[in-house]
Amino acid sequence: SYVWNLENPNYPEQDLMPQSPLCCLEYNNKDHNVLVGGSYNGLVAHWDVRKGSQPVDTSPIEKSHRDPVYQISWLASKTGTECASVSTDGQVLWWDTRKLGEPVESLPLVPKGAEADSLLGGVSLEYSEVGGPTKFMVGTEQGIVLMCNRKAKNPSDRIGTSYVGHHGPVYSIQRNPFFPKFFLTIGDWTARIWMEDIKTPIMTTMYHQNYLTAGCWSPTRPGV
């Protein structure tokens, strides 16, 4: 992966050299020299661009995801070193980049009331400050969006409502930055807008001719 400077579009400023191809990469919100990435082989690695192209630390294979890490997010923590990753192996793992020897915590993606072996594969993660520090959402390969709470009092309540709507993987999920109860999902041939309290979408675009793979809200206009 490359880090670019817009003023010099011909050559990247820096190469990042992971052990396995990266599927996702995120800048740290507090320190712009630090990045965390998820690899195709399931490993999580973090870089400090001041220290060169090689990762500062990488998670060990036996403690990592068993499938590609499709999304990773920094969390709003005091230390600024915590992140969460999601993979099609059916797990959300929480990490502290100061010590990537093993995940801090894990959550299997089993919908409420389902059998323990009916794992859903995660492909997208919505972990934003507008949703609150412990609430997050996961879009799955099976077209279902799971509303989760990391700090639920009862462990069985960590996965709450399931929103069933897409015919294929939910590739993109984002809360509205102005009205966090509303969120957008992208999957198959449509974009759908949901409200947390309602299990069916409140708005669906027409079925487009081509597959949709990403979407986002405008940061300045709530309805765009």
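No hydrogens, no waters, no symmetry mates; every other heavy atom, side chains included, goes into these values.
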Determine whether [X] and [Y] make a side-chain contact, defined as any pair of heavy atoms from C-beta on separated by less than 4.5 Å.
X	Y	result
Leu100	Trp95	yes
Lys99	Val104	no
Lys181	Arg175	no
Val92	Phe136	yes
Val145	Ile173	yes
Leu184	Trp217	yes
Tyr70	Ser87	no
Thr58	Gln19	yes

Answer yes or no: is there a donor N or O on one side and an acceptor on the other, between the side chain of [X] and the main chain of [Y], under 3.5 Å?
X	Y	value
Gln71	Leu125	yes
Tyr163	Glu196	yes
Ser53	Asp15	yes

Gap separating the [atom1] atom of [X] from the [atom2] atom of [Y], nearest 0.5 angstrom:
X	Y	atom1	atom2	value
Phe178	Ser218	CZ	OG	6.5 Å
Thr140	Leu120	OG1	CG	5.0 Å
Gln142	Leu109	CD	CG	9.5 Å
Ser124	Gln174	OG	CD	11.5 Å
Leu35	Tyr27	CG	OH	5.0 Å
His208	Asp188	NE2	CG	10.5 Å

Closest heavy-atom pair and its distance - [X], [Y]:
X	Y	result
Arg192	Pro201	NH1-CG, 3.6 Å
Ser172	Ala214	CB-CA, 3.8 Å
Ser162	Ile144	CB-CG2, 3.9 Å
Asn28	Gly80	ND2-O, 2.7 Å
Gly38	Val69	CA-CB, 3.6 Å
Met195	Phe183	C-CE2, 4.4 Å

Are there more than 12 heavy atoms of other residues, nucleotides or ligands under 6.0 Å from atom [atom1] of [X]?
X	atom1	answer
Ile61	CD1	no
Lys30	NZ	yes
Tyr207	OH	yes
Phe179	CZ	no
Arg221	CZ	no

Practice task
Begin with the C-alpha distance, continue with both residues' side-chain angles, and end with the deciding distance and a verdict on side chain to side chain contact (heavy atoms under 4.5 Å, CB included) for Val34 and His46.
Solution key: CA-CA 7 Å; Val34 174; His46 102 277; 3.9 Å; yes
If only side-chain N and O atoms count, and only distance matters, is there a donor-acceptor pair under 3.5 Å linking [Y] with [X]?
X	Y	result
Thr97	Thr81	no
Trp94	Ser106	no
His65	Ser85	yes
Thr134	Asn149	yes

Report whether [X] and [Y] are members of the same hydrophobic cluster (ILVMFWY, side-chain heavy atoms less than 4.5 Å apart, transitive linking).
X	Y	answer
Met147	Tyr127	no
Leu16	Leu43	no
Val56	Leu25	no
Val123	Val138	no
Met137	Leu75	no

Handout entry: Thr204/Thr190 under side-chain hydrogen bond (donor to acceptor under 3.5 Å, both in side chains): CA gap, chis, key distance, verdict
Key = CA-CA 7 Å; Thr204 301; Thr190 62; over 6 Å; no
Exercise for the section: List the steps, then state whether side chain to side chain contact (heavy atoms under 4.5 Å, CB included) holds for His166 with Thr185. Expected result: CA-CA 9 Å; His166 289 284; Thr185 59; 2.8 Å; yes
Practice task
Begin from the C-alpha positions of Trp47 and Asn33 and carry the test side chain to side chain contact (heavy atoms under 4.5 Å, CB included) through to its verdict.
Solution key: CA-CA 8 Å; Trp47 281 265; Asn33 293 302; over 6 Å; no
Practice task
Please check if the distance between the ring centroids of Trp194 and Phe182 is under 6.0 Å.
Solution key: no
Handout entry: Sidechain N-carboxylate O distance under 4.0 Å for Arg158, Glu105
Key = yes
